A.B. asks: 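If you scroll down you'll find the structure; I have some questions about it.
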Amino acid sequence: MEKKMTGADMETRFNPQAIEAELYKAWEESGAFVAHREEGKKPFTIVMPPPNITGQLHMGHAMDCILQDAPIRYHRMKGDPTLWLPGTDHAAIATEVKIVEAMRKEGLTKQGIGREAFLERAWNWKKEYGGRIVHQQRKMGVSCDWSRERFTMDEGCSKAVREVFVRLFEKGLIYRGQRMINWCPACRSALSDAEVVYKEQASHLWHIRYPGADGSEGVVVATTRPETMLGDTGVAVNPADERYTELVGKKVILPIMNKEIPVVADEYVEMDFGTGAVKMTPAHDPNDFEVAQRHNLEIITVTNDDGTMNENAGRFAGMDPMECRKAVVEELEKLGLLVKIEDYSHNVGFCYRHENTPVEPRLSEQWFVKMKPLAEPAIAAVKEGKTKFVPDRFSKIYYNWMENIRDWCISRQLWWGHRIPAWYCEECGEMTVSREDPACCPKCGGKLHQDEDVLDTWFSSALWPFSTLGWPEETEDLKYFYPTSMLVTGYDIIFFWVARMIFSGIEHMGETPFETVLIHGLVRDEQGRKMSKSLGNGVDPLEVVEEYGADALRFSLVMGVSPGNDTRYSTEKVEAARNFANKVWNASRFVLMNVNERKEFEVSKLETADKWILSRLQEAIRDVSDHMEDGDFGLAATKIYDFAWSEFCDWYIELSKSRLLGEDGESKETVKAVLLFVLENLLKLLHPFMPFLTEQVYKYLPETEGFLMLQKWPETNAELIFSEDEQRMQGIMEIIRTIRNLRSEMNVAPSKRTRLMLLPAEGWSETLRGGDGYFRRLAGASETELLDSRDTVKEKTVSAVIAAGELFIPLGDLVDFEKEIIRLGKELENLQKEMNRSRGMLNNQGFLAKAPAALVQAEKDKLEAAVAKAAALQNRIAELKENV
RNA sequence: GGGAUUAUAGCUCAGUUGGUUAGAGCACCACGUUGACAUCGUGGGGGUCAUAGGUUCGAGUCCUACUAAUCCCACCA
């Protein structure tokens, strides 16, 4: 057994680097993070949003970590069976893009090495980067249950994916079909609507004449993408548009291709945009596709998988779209069919993994999830409050998306991911969708090949809250921990992830997966810009941890942050948090250098200051607990900060010094016991935010065993609330502040001690007598004299009127009565303003009649005090005037 | 086009259900080697809470309008 350490062993500075790794190891090895089911007790469960295995953790992840670890540690200390389930996501597209990029540097291609070899590389990648991420999370101090760590492509999760796919297919909620989808030429894959990011682009509107087939002048169409005309199969106008009534039903000539195409009338066309005539490219525009369906227009695809023009584009085949656009425009100009070019700015969709690659709407055979039937109960669940968004406004965003949802394209033309469990018979063409890999065609016994595509990565993430607990098996964990308590995530993935988990949970588990969804904002840089690779303004959380410690980073990310709002990262904030950690460390050091045994205090022996700090502690416990419950971690952290620094350190510790050095043994014992009691409670309150610091300090506390992280969360104790003593203490504090203030104003050197005379107000004599040591220690008083009446003040003094009475500091020749009169006069003036305000309120019948009685009384008391103070000030001024 | 958020001290931001002298950190000024801490202490300066109305006995807080910034959704070619 190692020797118990004491305050004397503590360094003068908190040194996080020296202790973090060791503490984390000790926690983890002891099994403190592992969740245990306790029947009859309601668990607190969070499934961690699995970081992508694409690279390393960024500030957003750090934010995720602290916002989950804080409530997890809080609930664990409260004694709830607590599970925080970690894991990582295979991130199909994102990872594949990275791997392909890495391979390109080696001169390799996917196709070159083949599917099997590629997947081997991918698994190696997962091992390396998945491991790195988990390592980084540990550095942040996350207290998650690593024994339950999962990966979206591990055996269990893959089984869940397969089960869900087959179930939905059997229910008719998954189907395969030719639809207009978003195609990323860089991924060479389909994307879902959510994976397209629109960006405003400056462009042009080209006006092109399509001559009439009968030799008439035909029609002028306007387009933003002239190259797509190669795939045009019609022109549409609004049926009500009189300009074109004649033309409807006739044919025009598609220039360059020299092909006759029909003019059709369709409501979709807006008469007042462009020329009122729209070229129809059904294979490359969703709206055109719909029009084509209604009018039986031909559908011609003119691009390849990689975005280049295909053989249908005739002599433009092989060009990339921009090249082709230029060539087409030139050609049209030559033909005299380019009527005009207008400047035009419009939104262009880009791939969310290839920021500079525009997505191409394209007709393609893909797999889809039918969303309407899944969305409806998911909307209802949130409306009924079964899942609550915090802050509530995010439920509106959720409704808006869910109510306008379109079918979800889930197939991706990638290799890294869950392969679609569909097989096609090479003999009869029959499609088989199956939980188990079939050996041959169930219909004809013919040879099968599996669908080449994999699933959208979000298909497996959608199952995360239950697949990680063992579903589709009915495991004990699943029964006990589902539905989970809370999901913590950024608003940027509400559509991608949160919404999909909610409808999946309802569909497959019959219950929404979370009680609350706590949404946080983005961590931005110091100028408020989004942190991004391309800007190079990202800050690596690990570097911050190295330099300032995990606790400082954690605290800086929550302090003063309000739920749902973006926050700016700045080193100043981290420094402030680091300073706070050091402050707590040193306060602890002070306490522990003076207290080396654990003794209870007796309430009957408590002095005013003790009762004050114990009372303040009760309020801190209450507020912090309330804020933890509400998910207001910013307020919780602020409360702890203020209590620890402005009350415990600045006042109680300072006040304790005179007693610790004093002769009164009983007072000394009491103050020691209170110091230890308050410190220990403070450490507990702070632990969810600064786990390393608090755990380390806990080791030095006398007679403790085990980890702080497993100690009981403090509860308020009504017997330790002393309102009257709080007021007494406020009186003492006011005197100290006033003296400091006066000395500062009079330029009295801090080292110079001055006498203090106090004329107590009614009922304050006892308190002031007891304050002597405090005034000496904290206000530079050499001695304190209690006066019986003001007449006894014979010396030249500066004075002040405070709640506890009047105070006088004899400063001899430093005192200038004229200036004193002016100074006190100003104070009186302010006081009179305050009295006027107060009288105004109390003369207001409405206020008297409608405001709560306690408030009215409080105002009366305030006025009374002000009146008394004003009278005293007037007396003093009169007195001084006589002496001038 | 629809929706959301933000606007409070020089900067970054708090401010719980409306309760009446609006807070913090950083920055600034003055002073300070009192054995926990200079990653500190004491004192100070600094805001008509974007603007205009309204509700109320009372508005930073609620309502309406307006201005500005940011974001999300939709996508008229």
Side-chain angles (χ1 to χ4, degrees), chain A residues 7 10 12-14 198 205 221-225 228 236 268-270 272-281 285-288 344 346-347 349 391 393-394 396-397 400-401 404 491-492 494-495 521-522 526 528 530 548 552 559-562 564-568 570 572-573 575-594 623 626-627 630 632 634-635 638 641-642 645-646 649-650 653-654 657 737 740-745 747-751 777-780 830 833-834 837-838 840-841 844-852 855-856 858-859 862:
Chain A
M10 295 173 77
T12 57
R13 289 183 183 185
F14 174 48
Y198 288 91
L205 200 52
V221 297
T223 181
T224 51
R225 295 196 302 160
T228 63
Y268 152 72
V269 180
E270 301 276 338
D272 47 14
F273 184 86
T275 62
V278 191
K279 59 189 267 314
M280 290 292 116
T281 321
D285 184 286
N287 294 308
D288 294 7
Y344 186 63
H346 68 141
N347 275 337
R393 64 185 138 95
F394 290 103
K396 279 190 203 168
I397 294 177
N400 181 51
W401 192 69
N404 299 298
Y491 59 69
D492 49 334
I494 292 178
F495 306 139
L522 266 38
E526 301 199 30
K530 219 167 167 171
Y548 297 94
M559 174 101 173
V561 169
S562 67
N565 285 359
D566 290 354
T567 177
R568 292 185 197 201
S570 73
E572 275 101 39
K573 285 186 195 174
E575 276 170 15
R578 187 266 323 262
N579 294 352
F580 177 59
N582 190 58
K583 186 75 185 176
V584 173
W585 174 264
N586 271 291
S588 307
R589 192 168 147 247
F590 171 79
V591 172
L592 297 174
M593 286 192 313
N594 286 286
D623 287 357
D626 287 351
H627 291 140
D630 297 343
D632 268 332
L635 292 179
T638 306
Y641 184 96
D642 289 341
W645 203 316
S646 313
C649 292
D650 287 353
I653 285 186
E654 292 307 323
K657 288 176 180 171
R737 280 199 201 97
R740 285 170 173 172
N741 191 318
L742 288 173
R743 288 172 56 107
S744 170
E745 261 179 70
N747 285 319
V748 179
S751 55
R777 179 116 205 145
L778 299 184
N830 287 336
K833 271 188 210 152
E834 179 54 20
R837 185 196 59 76
S838 200
M841 274 174 84
N844 184 329
Q845 290 310 308
F847 176 70
L848 295 178
K850 295 182 185 176
L855 205 72
V856 176
E859 197 56 43
K862 228 190 274 179

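It should be emphasised that the depicted structure is a prediction, and the values quoted were computed from it without experimental measurement. Letters A, B, ... are given to chains in the order of the sequence lines, protein chains preceding strands, and every chain is numbered from 1.
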A.B. asks: Just the rounded figure in Å: distance from P of B/A38 to CG of A/Asn586.
C.D. replies: 7 Å

A.B. asks: Under 4.0 Å between any heavy atoms, over every strand shown, what does A/Lys657 touch: base, sugar-phosphate, or nothing? Just pick one.
C.D. replies: base

A.B. asks: Respond yes when some side-chain nitrogen or oxygen of A/Asn830 is under 4.0 Å from OP1 or OP2 of B/U21, and no when none is.
C.D. replies: no

A.B. asks: Measure the acute angle between the ring planes of A/Tyr641 and A/Phe580, then classify it against the limits of 30° and 60° as parallel, tilted or perpendicular.
C.D. replies: tilted

A.B. asks: Less than 4.0 angstrom from a charged side-chain N to a carboxylate O is my criterion; do A/Lys573 and A/Glu526 meet it?
C.D. replies: no

A.B. asks: Should the side chain of A/Arg740 and the base of B/U42 be counted as holding a donor-acceptor pair, with the cut-off at 3.5 Å?
C.D. replies: no

A.B. asks: Quick one: on RNA chain B, does A/Asn844 or A/Ala222 contact a more 5' nucleotide (nearest heavy atom)?
C.D. replies: A/Asn844

A.B. asks: Is there a Watson-Crick or G-U wobble partner for B/G25 with both distances under 3.5 Å, and which nucleotide is it?
C.D. replies: B/C11

A.B. asks: Would you name the heavy atoms of A/Ala236 and A/Met280 that are closest together and state the gap between them?
C.D. replies: CB-CE, 3.6 Å

A.B. asks: With rounding to the closest Å, how many angstrom separate the C1' atoms on B/G15 and B/A7?
C.D. replies: 15 Å

A.B. asks: Nearest of B/A77, B/U21, B/A14 to any side-chain atom of A/Lys862?
C.D. replies: B/U21

A.B. asks: Taking pairing as Watson-Crick or G-U wobble with both contacts under 3.5 Å, can you name the mate of B/A68, or confirm there isn't one?
C.D. replies: B/U6

A.B. asks: Using the C1' atom as the reference point in each nucleotide, state the distance between B/A22 and B/A74 in Å, no decimals.
C.D. replies: 41 Å

A.B. asks: Using the P atoms only, state how far B/U56 lies from B/G18, rounded to an integer number of Å.
C.D. replies: 16 Å

A.B. asks: Does A/Lys396 have a side-chain nitrogen or oxygen under 4.0 Å from the phosphate oxygens OP1 or OP2 of B/A4?
C.D. replies: yes

A.B. asks: Has the side chain of A/Arg568 got a donor or acceptor atom sitting under 3.5 Å from an opposite partner on the base of B/U12?
C.D. replies: no

A.B. asks: Nearest to the side chain of A/Phe495 - B/A14, B/C37, B/C72?
C.D. replies: B/C72

A.B. asks: Students often get this wrong, so: under 4.0 angstrom with heavy atoms, is A/Tyr548 touching a base, only sugar-phosphate, or nothing?
C.D. replies: nothing

A.B. asks: Decide side-chain contact (heavy atoms from CB on, under 4.5 Å) for A/Phe394 and A/Ile494; before the verdict, give the C-alpha distance in whole Å, the side-chain angles of both, and the deciding distance to 0.1 Å.
C.D. replies: CA-CA 9 Å; A/Phe394 290 103; A/Ile494 292 178; 3.7 Å; yes

A.B. asks: Could you tell me which nucleotide pairs with B/G1 by Watson-Crick or G-U wobble geometry, both distances under 3.5 Å, or answer none if nothing does?
C.D. replies: B/C73

A.B. asks: If the P atom of B/C29 is compared with that of B/A36, how far apart are they to the nearest Å?
C.D. replies: 29 Å

A.B. asks: Taking the side chain as C-beta and beyond, is there a heavy-atom pair between A/Asp566 and A/Lys530 under 4.5 Å?
C.D. replies: no

A.B. asks: What nucleotide, of B/A74, B/U39, B/G43, holds the atom closest to the side chain of A/Asn347?
C.D. replies: B/A74

A.B. asks: Under 4.0 Å, heavy atoms only, any strand: does A/Met593 hit a base, just the sugar-phosphate, or nothing?
C.D. replies: sugar-phosphate

A.B. asks: Between B/G1 and B/U8, how far apart are the two C1' atoms, rounded to whole Å?
C.D. replies: 33 Å

A.B. asks: Considering every strand and a 4.0 Å limit on heavy-atom distances, what is the contact class for A/Glu270: base, sugar-phosphate, or nothing?
C.D. replies: base

A.B. asks: Classify A/Thr638 by what it touches in the nucleic acid, base, sugar-phosphate, or nothing, heavy-atom distance under 4.0 Å.
C.D. replies: nothing

A.B. asks: Taking only the side-chain nitrogens and oxygens of A/Asn287, find out if one of them lies under 4.0 Å from OP1 or OP2 of B/C76.
C.D. replies: yes

A.B. asks: Between B/A14 atom P and A/Asp623 atom CG, what is the distance in whole Å?
C.D. replies: 19 Å

A.B. asks: Rounding to a whole Å, what distance do you find between A/Trp401:CH2 and B/C73:P?
C.D. replies: 11 Å

A.B. asks: Distance check, P atoms only: B/U5 and B/G47, in whole angstrom units.
C.D. replies: 30 Å

A.B. asks: Pick the nucleotide of RNA chain B nearest each of A/Gly846 and A/Arg393; which residue has the one closer to the 5' end?
C.D. replies: A/Arg393

A.B. asks: Round to a whole Å and report the spacing from CG of A/Asp630 to C1' of B/A14.
C.D. replies: 16 Å

A.B. asks: Write down the partner of B/A30 under the Watson-Crick or G-U wobble criteria, each distance required to be under 3.5 Å.
C.D. replies: B/U42

A.B. asks: Classify A/Tyr641 by what it touches in the nucleic acid, base, sugar-phosphate, or nothing, heavy-atom distance under 4.0 Å.
C.D. replies: sugar-phosphate

A.B. asks: Using the C1' atom on both, measure B/A24 against B/A9 and round to a whole Å.
C.D. replies: 11 Å

A.B. asks: Quick check: any donor-acceptor pair below 3.5 Å linking the side-chain of A/Glu745 to the base of B/A30?
C.D. replies: no

A.B. asks: With hydrogens left out and only the distance checked, is there a donor-acceptor pair under 3.5 Å joining A/Asn582's side chain and the base of B/C37?
C.D. replies: no

A.B. asks: Check whether A/Asn586 reaches the backbone of A/Thr12 with its side chain - one donor and one acceptor, N or O, closer than 3.5 Å.
C.D. replies: yes

A.B. asks: Take atom CH2 of A/Trp645 and atom P of B/A36, then tell me their distance rounded to the nearest Å.
C.D. replies: 16 Å

A.B. asks: Regarding A/Asp626, tell me which of base, sugar-phosphate or nothing describes its non-hydrogen contacts under 4.0 Å with the strands shown.
C.D. replies: nothing

A.B. asks: Could you check whether A/Leu855 gets within reach of a base, just the sugar-phosphate, or nothing at all, counting any heavy atom under 4.0 Å?
C.D. replies: base

A.B. asks: How is A/Ala851 classified with respect to the nucleic acid when contacts are heavy atoms under 4.0 Å: base, sugar-phosphate, or nothing?
C.D. replies: base

A.B. asks: Give me the distance, rounded to whole Å, that separates B/U6 from B/A30 when you measure between the P atoms they each carry.
C.D. replies: 39 Å

A.B. asks: Which part of the nucleic acid does A/Ser570 contact within heavy-atom distance under 4.0 Å: base, sugar-phosphate only, or nothing?
C.D. replies: nothing

A.B. asks: Within the 4.0 Å heavy-atom criterion, would you say A/Ile653 contacts the bases, only the backbone, or no part of the nucleic acid?
C.D. replies: base

